[in-house]
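A short write-up of the structure that comes next.
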Amino acid sequence: QVQLVESGGGLVQAGGSLRRSCAASGRTFSRYAVGWFRQAPGKEREFLAAVSRGGGGSQDYADSVKGRVTISRDNAKNTVYLQMNSLQSEDPAVYYCAADPLFHTIVVATTDNDHDPDVWGQGTLVTVSL
């Protein structure tokens, strides 16, 4: 089973961009569907984006962030990336990456099968400065 380690800056100026990396251990990373989530204080965990297993040819985005979020993967580096632009006051939260080997995408796992990803990153608090 892979282990996920997140990295990237946690403080972003309002209107700025966030880029986070999720680096995985293991030799079977390409077989994992990967997604990004966030959870703000007092709120439920929110799905942000997902990239399909394998080459990552399919991406899914939450409606709330569609158009300003990009997810991608580089299996040669065992890394999945999250790019979010135009950060605003509603975006501060703990951001998590997560992976699952059983489904083509995290969306299929969570939405269609009520199956949370098997592996999670440590989570990183992202704040937005005014």
Side-chain angles (χ1 to χ4, degrees):
Q1 189 175 54
V2 303
Q3 298 183 63
L4 305 178
V5 178
E6 302 172 26
S7 61
L11 178 61
V12 182
Q13 187 175 7
S17 297
L18 171 72
R19 183 171 176 83
R20 300 206 54 78
S21 299
C22 180
S25 64
R27 301 172 63 183
T28 60
F29 177 65
S30 65
R31 303 171 71 175
Y32 283 71
V34 180
W36 286 92
F37 300 79
R38 68 183 180 187
Q39 187 168 21
K43 296 184 178 180
E44 297 296 316
R45 187 180 65 210
E46 178 187 12
F47 166 77
L48 296 176
V51 63
S52 59
R53 65 190 180 191
S58 297
Q59 303 87 40
D60 294 288
Y61 300 99
D63 289 340
S64 61
V65 297
K66 189 176 299 182
R68 63 188 183 102
V69 166
T70 301
I71 187 171
S72 61
R73 69 187 301 157
D74 186 342
N75 291 329
K77 297 181 178 180
N78 270 17
T79 302
V80 169
Y81 304 96
L82 177 73
Q83 177 79 30
M84 178 180 288
N85 300 323
S86 302
L87 267 72
Q88 302 298 327
S89 60
E90 69 271 18
D91 295 321
V94 176
Y95 283 68
Y96 301 86
C97 63
D100 194 281
L102 302 179
F103 299 92
H104 187 61
T105 72
I106 294 296
V107 172
V108 172
T110 59
T111 300
D112 297 339
N113 294 277
D114 196 27
H115 175 80
D116 281 345
D118 287 349
V119 186
W120 292 81
Q122 77 275 17
T124 302
L125 178 64
V126 174
T127 58
V128 177
S129 63
L130 301 178

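Nearest heavy-atom pair, Ala49 versus Leu82, reported as atom, atom and distance to 0.1 Å: CB-CD1, 4.3 Å. Looking at every heavy atom in both residues, Ser21 comes nearest to Thr79 through CB-CG2, 4.0 Å. What you find for Asn75 and Ser30 is that their closest heavy atoms are ND2-CB, 3.6 Å. Scanning all heavy atoms of the two residues, the minimum distance from Phe103 to His115 falls at CE1-CD2, 3.5 Å. Closest of all the heavy-atom pairs between Ser17 and Ser86 is OG-N, 4.5 Å. Nearest heavy atoms, Tyr96 versus Gly121: CD2-O, 3.8 Å.
Placement of Val108 and Leu102 within a single hydrophobic cluster is found when ILVMFWY residues are connected by side-chain heavy-atom separations under 4.5 Å, directly or transitively. Linking Ile, Leu, Val, Met, Phe, Trp and Tyr whenever their side-chain heavy atoms come within less than 4.5 Å leaves Val65 and Phe37 in two separate clusters. In the hydrophobic clustering of ILVMFWY residues, with side-chain heavy atoms under 4.5 Å counting as a link, Val94 and Val128 come out apart. One hydrophobic cluster, built from ILVMFWY side chains closer than 4.5 Å, holds both Trp120 and Leu125.
Although no hydrogens or angles enter the test, the distance criterion places a donor-acceptor pair under 3.5 Å between the side chain of Glu6 and the main chain of Cys97. Listed for the Asn85 side chain is no donor-acceptor partner under 3.5 Å among the backbone atoms of Leu18. Distance alone, capped at 3.5 Å, places no donor-acceptor pair between the Asp118 side chain and the Asp100 backbone.
Remark: Gln13 CD is loosely packed, at most 12 non-hydrogen atoms of other residues, nucleotides or ligands lying under 6.0 Å away. Remark: Gln3 CD is loosely packed, at most 12 non-hydrogen atoms of other residues, nucleotides or ligands lying under 6.0 Å away.
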For this session: Dump the intermediate steps for side chain to side chain donor-acceptor pair (under 3.5 Å) on Ser52 and Gln59, then the final yes or no.
Result: CA-CA 6 Å; Ser52 59; Gln59 303 87 40; 5.8 Å; no

For this session: List the steps, then state whether salt bridge (charged side-chain N to carboxylate O under 4.0 Å, His left out) holds for Lys66 with Asp60.
Result: CA-CA 9 Å; Lys66 189 176 299 182; Asp60 294 288; over 6 Å; no

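Screening Thr70, Ile106, Val34 for a side-chain contact (heavy atoms from CB on, under 4.5 Å) with Val51, the sole residue that qualifies is Val34.
For the pair Arg73 and Phe29, the cation sits on the ring face: its NZ or CZ lies under 6.0 Å from the ring centre, inside 45° of the axis. Stacking of Arg53 on the aromatic ring of Tyr32 is not recorded, the 6.0 Å distance cut-off and the 45° axial limit not both being met.
Distance CG/Asp114 to CG/Asp112: 10.5 Å, rounded to 0.5 Å.
Between Arg68 and Asp91 a salt bridge is recorded (basic side-chain N to carboxylate O distance below 4.0 Å).
Ring pair Trp36/Phe47: centre-to-centre distance not below 6.0 Å.
At least one side-chain heavy atom of Arg20 sits under 4.5 Å from a side-chain heavy atom of Val126. Put simply, the side chain of Leu48 reaches to within 4.5 Å of the side chain of Tyr95, judged on heavy atoms.
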